[in-house]
*Asks:* 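Have a look at this one.
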Protein chains: 2
Amino acid sequence: MVTMRDVARQAGVSIATVSFLLNDTKPVTAATRARIEQAMTELGYRRNVVARALASRRTHIIAMAYPALDHRFGFSAAEFFTSAADAARKQDYHLVLWPVGNDGMELRELVGQGLVDGVVLMEVQLEDPRIGILQKTETPFAMIGRTTELAGLSHVDIDFDTTVESAIGHLHGLGHRKLVLVSGDLTDPRFHNYGPYVRTEAAYRRIAAEYGVQVVVLECADTTRAGQEAAARLMREHPDTTAVLVLNEYAGLGVASGLNRLGYDVPAEISILALLMAPETAALSDPELTIMRTPGPELGQLGTEALIRQLEGADPLPPQLVAADLLPGATIAPPRRGKTHPKARVKSGR
Amino acid sequence: MVTMRDVARQAGVSIATVSFLLNDTKPVTAATRARIEQAMTELGYRRNVVARALASRRTHIIAMAYPALDHRFGFSAAEFFTSAADAARKQDYHLVLWPVGNDGMELRELVGQGLVDGVVLMEVQLEDPRIGILQKTETPFAMIGRTTELAGLSHVDIDFDTTVESAIGHLHGLGHRKLVLVSGDLTDPRFHNYGPYVRTEAAYRRIAAEYGVQVVVLECADTTRAGQEAAARLMREHPDTTAVLVLNEYAGLGVASGLNRLGYDVPAEISILALLMAPETAALSDPELTIMRTPGPELGQLGTEALIRQLEGADPLPPQLVAADLLPGATIAPPRRGKTHPKARVKSGR
DNA sequence: CTGAAAGCGCTTACAG
DNA sequence: CTGAAAGCGCTTACAG
C-alpha cells in the first residue's frame, strides 16, 4: 500500500505538506504542489479514508436511516436515496443506506460506533423515537419529513398544503365537484403518527371545503389489494364521485385497476390523480396514472445538503418545503356533463 | 468519549486485555472478564470501529455494488439487499448499498480508499469490467450472478435451467403446448452481456424442444409499456399461443395489462407465468401474477456468506445455484380444449 | 492468563 | 510556506 509517507519522500517534502495539499487546509506553493502531485500519480497514491477518519474524527460517511420494516423500499425510496447519494458524493461524502427500525434500536447501535458523521432520517414520524437518540448522542442529523415539535430541527419535507391545493385546483378547474380522498390508514399502529397521512388529510379537508367541493375520506392501507377494495367501497358509497385523489403509491395502482375491473372507464367516467407517486410507479398502471410527482430527487438532495452544512459548520439550511408538481398521465379528464354514472358493468374476472 | 483506556483503568487491567476480551482473541479468566464487563457497562463503553479498522486493517464493512444506472432498484433488488444486510449483521459486518456504474469507475474509486473489506457484486455481466478491477486491487468479492469465465470466482446465482424446467413442466402438465418466451432485450447494449437473459433464453430453447412444445422468443425491454407492446405483437404473430413466460419484472406487468387491454381473458384464454419476479411486484398486477419467485432472499444471504468466508479465511462456500419456486397467483389455468382463441375484443382505451 | 509497547496512516496544533 | 512531533483509539506480536 502506498502511503502518504511514500509520497512525501518521493516529492522531498514532509507528510504534513502532503496532507495540507490534499485537504486544501494550508497554502502550498505551485512548485511543491507540482512535485507532490507528480509523486502521487507516479506512485498511484490513494488516501486511506480510515486513517483520515481516525485522525480527524470525521469519517465523511453519512447514513440514510430508512425504516425498512415499516415501509417498503420501492421506487420512491430509491429516488430519495440515489439523489442523496449523488449530493453527498459531490461534497466528498459517502452516503450509505442503513436499514433501521422505527424504534431506534439499530440506530443507537449505529451511531455509538463512530462510523458515521451524521444521519439523514427518512420517513419521520410525528413523534419519532429516533430523534431523542440522535440528540442524546449529539449526532448531527437532518430529517426528510417533520416531527410535530420542530424546535430548531433541520428538516426538509413535502409541501402538502401546496400539493393538495394544486391537485384540487386542477380538478376543480376541469369541472370536478365530487372529489374523494383515498388516504392512508391512520388506524394502523405503524402509521398513526405518520406525517404525510395526517398532513395530507388535513390539507384536503381544509382546501376541499374552501373550494366548496364534497369532502369524503376513505382510509386505505398501502397495497394494491387495499386500493382495489377502496375503489369498490368508494363507488358503492359515493357513486356520484367524479374524481378520486389517492395518497399511497400502491393503493393508487389498486384504485386504478379496481375501477377498471369494476367496469368504469377511466378517465371518461371517473378521474384518478395520485398524490405523491414516483413516475416509475405511475408507469406500471394502465392507463398510466396522472400524478403529483413526489419531489424525491429534490428532497434527497436538500436533506443531504442540510446535514452536510451542519457537519461543515456552514450556515444552516433553512427548512425547505417542496411541493409536488403535476405530471400528466392518462387518468384525468373533465367530468361527464349532466349525467350520472352508468351502472357499472361487471367484467369477467376471478 | 469513553475509550478502551478508560475501561482498562476502571477494571484495573491493561487495554490489551480489554481488546482480547472484546474480540475473543485470547482467553481471559472469568474474574477479569467480569470486572471488564462491569466497567464497560458502568461507563457505557462502545468500541470505536474506525480505530479498530485502522489497527486491524479490517473495516468490517462490505459494499453491495449495485449498478443503479442500468438496473432500476425495485422490489427484487430490495430483497437482495435487505437479506444480505441481515446476513452481514449476524456476522458482525455492516453491509451498505453502493451505487456503481457497470464500467467500474466508481468501484475503483471505492476500493482504493480502504473503506470496505470486500464487495458483493450484483447484476453481474457475462463479461464484467468490475471483476478485473477487484482482482487487480486484490479486493475480496463474491458475485450474485456469474461471468462466463468462472475460474475460481466465488459466486451464487439463480439456477436458470431448473427454474425454466419447472416452469415449462408445470405448464406442460396442465396441457399447454403453445408457449412463448418474452425474454429480455439482448440488442440493448447495456444487456447484450447480461447472464439472466442469455441463460434463460438458452434454457427455454433447450427445454421447450425437449418437451416438444413450440419455441418462440420475443425480445422485450423491461418496462410496462414494452411488455404491453410485446403482448400485442405476440397475439398478432402467434395467435394460437396458450401460455406466455415473461422474464423481466416490469415487462411481466405489461404483458398482463396488455393482454387484458386487448380483451383476452387471463387465464381462461391465455396463461401468464412470470419467470423471476418478486412477490410484491406480482401483487401489483390484476389478476395477481403467478410467478417463479426470484430467490432474492436466499441469494443475498448466500452471496454475503460467500464473501465473509473469504474474509475470515474459512473454507470457501462452493458455488450455489438456487432455483426459483412457483408461487401461485391467478394467471395460470389449463388451456381451452379444442378451441382457438375468439377474436380479440377491443376495449375502449386510449 | 496478562501487560508494555509498537504501529496502523493519517491530521493538526505548534514552531519556525 | 514547510516541518517535526504528538496523537486519534484501537490491535497484535512479543515477552513474561
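So that the names make sense, note that chain A is the first sequence line, chain B the second, and so on, each numbered from 1. What you are looking at is a predicted structure, and each value in this text was computed from that prediction instead of being measured.
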*Asks:* Is it true that atom CZ of B:R33 has more than 12 heavy atoms of other residues, nucleotides or ligands lying nearer than 6.0 Å?
*Replies:*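 No - once you tally the heavy atoms of other residues, nucleotides and ligands closer than 6.0 Å, there are 12 at most.
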*Asks:* Using the test side-chain hydrogen bond (donor to acceptor under 3.5 Å, both in side chains), find all partners of B:R46 that sit at least two apart in sequence or belong to another chain.
*Replies:*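 By the side-chain hydrogen bond (donor to acceptor under 3.5 Å, both in side chains) rule, B:R46 matches no residue at all.
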*Asks:* With sequence neighbours excluded, tell me which residues meet ring pair (Phe, Tyr, Trp, His ring centres under 6.0 Å) with B:Y45.
*Replies:*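 With sequence neighbours excluded, B:Y45 shows a ring pair (Phe, Tyr, Trp, His ring centres under 6.0 Å) to no residue whatsoever.
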*Asks:* Using a 3.5 Å cut-off on both pairing distances, which stems of three or more Watson-Crick or G-U pairs include DNA chain D?
*Replies:*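 Paired runs of 3+ in DNA chain D: C:1-3 with D:14-16, C:5-12 with D:5-12, C:14-16 with D:1-3.
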*Asks:* Apply ring pair (Phe, Tyr, Trp, His ring centres under 6.0 Å) to A:F73 and list each qualifying residue two or more places apart in sequence or on a separate chain.
*Replies:*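 With sequence neighbours excluded, A:F73 shows a ring pair (Phe, Tyr, Trp, His ring centres under 6.0 Å) to A:Y66, B:F73, given in chain and number order.
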*Asks:* When you list every nucleotide of DNA chain C with an atom under 4.0 Å from a heavy atom of chain B, which one comes first 5' to 3', and which comes last?
*Replies:*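 The contacted stretch runs from C:dC1 to C:dG9.
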*Asks:* Return each pair, listed once, that meets salt bridge (charged side-chain N to carboxylate O under 4.0 Å, His left out) where at least one residue sits in residues 144-156 of chain B; pairs must be two or more places apart or across chains.
*Replies:*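 Listed once each, the pairs are B:R146-B:D157.
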*Asks:* With no hydrogens and no angle check, is any side-chain donor or acceptor of B:H71 less than 3.5 Å from a backbone partner on B:E123?
*Replies:*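 No.
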*Asks:* How about A:N23 and A:S19: does a side-chain donor come under 3.5 Å of a side-chain acceptor?
*Replies:*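 A donor-acceptor contact under 3.5 Å links the two side chains.
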*Asks:* Tell me, which of residues 39-60 of chain B have any heavy atom that sits under 4.0 Å from an atom in DNA chain C?
*Replies:*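 Going residue by residue through residues 39-60 of chain B, the ones with a heavy atom under 4.0 Å of DNA chain C turn out to be B:L54, B:A55, B:R57.
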*Asks:* Could you list the residues that satisfy salt bridge (Lys or Arg N to Asp or Glu O under 4.0 Å) with B:D159, not counting sequence neighbours?
*Replies:*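 Scan of B:D159 (salt bridge (Lys or Arg N to Asp or Glu O under 4.0 Å), adjacent residues dropped) gives none.
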*Asks:* Please list all pairs meeting side-chain hydrogen bond (donor to acceptor under 3.5 Å, both in side chains) that have one or both residues in residues 7-18 of chain A, counting only residues at least two apart or in different chains.
*Replies:*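 For residues 7-18 of chain A, and leaving out neighbouring residues, the side-chain hydrogen bond (donor to acceptor under 3.5 Å, both in side chains) pairs sorted by first residue read A:Q10-A:E42, A:S14-A:T17.
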*Asks:* Go through residues 8-22 of chain B and report each residue with a non-hydrogen atom lying under 4.0 Å from DNA chain D, sorted by number.
*Replies:*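 Hits under 4.0 Å, by residue number: B:I15, B:A16, B:S19, B:F20.
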*Asks:* With sequence neighbours left out, what residues match A:R5 under side-chain hydrogen bond (donor to acceptor under 3.5 Å, both in side chains)?
*Replies:*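 For A:R5 there are no side-chain hydrogen bond (donor to acceptor under 3.5 Å, both in side chains) partners, ignoring immediate neighbours.
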*Asks:* Given 3.5 Å as the limit, does a donor-acceptor pair link the side chain of B:Q310 with the main chain of B:F141, or not?
*Replies:*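 Yes; judged by distance alone, with no hydrogens or angles, the pair exists.
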*Asks:* Indicate, with a heavy-atom threshold strictly under 4.0 Å, whether B:T32 touches base, sugar-phosphate, or nothing.
*Replies:*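 Result for B:T32 = sugar-phosphate.
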*Asks:* Taking side-chain hydrogen bond (donor to acceptor under 3.5 Å, both in side chains) as the definition, give me every residue that meets it alongside B:T139, ordered by chain and number, with sequence neighbours left out.
*Replies:*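 For B:T139, the residues satisfying side-chain hydrogen bond (donor to acceptor under 3.5 Å, both in side chains) (neighbours in sequence not counted) are B:T137.
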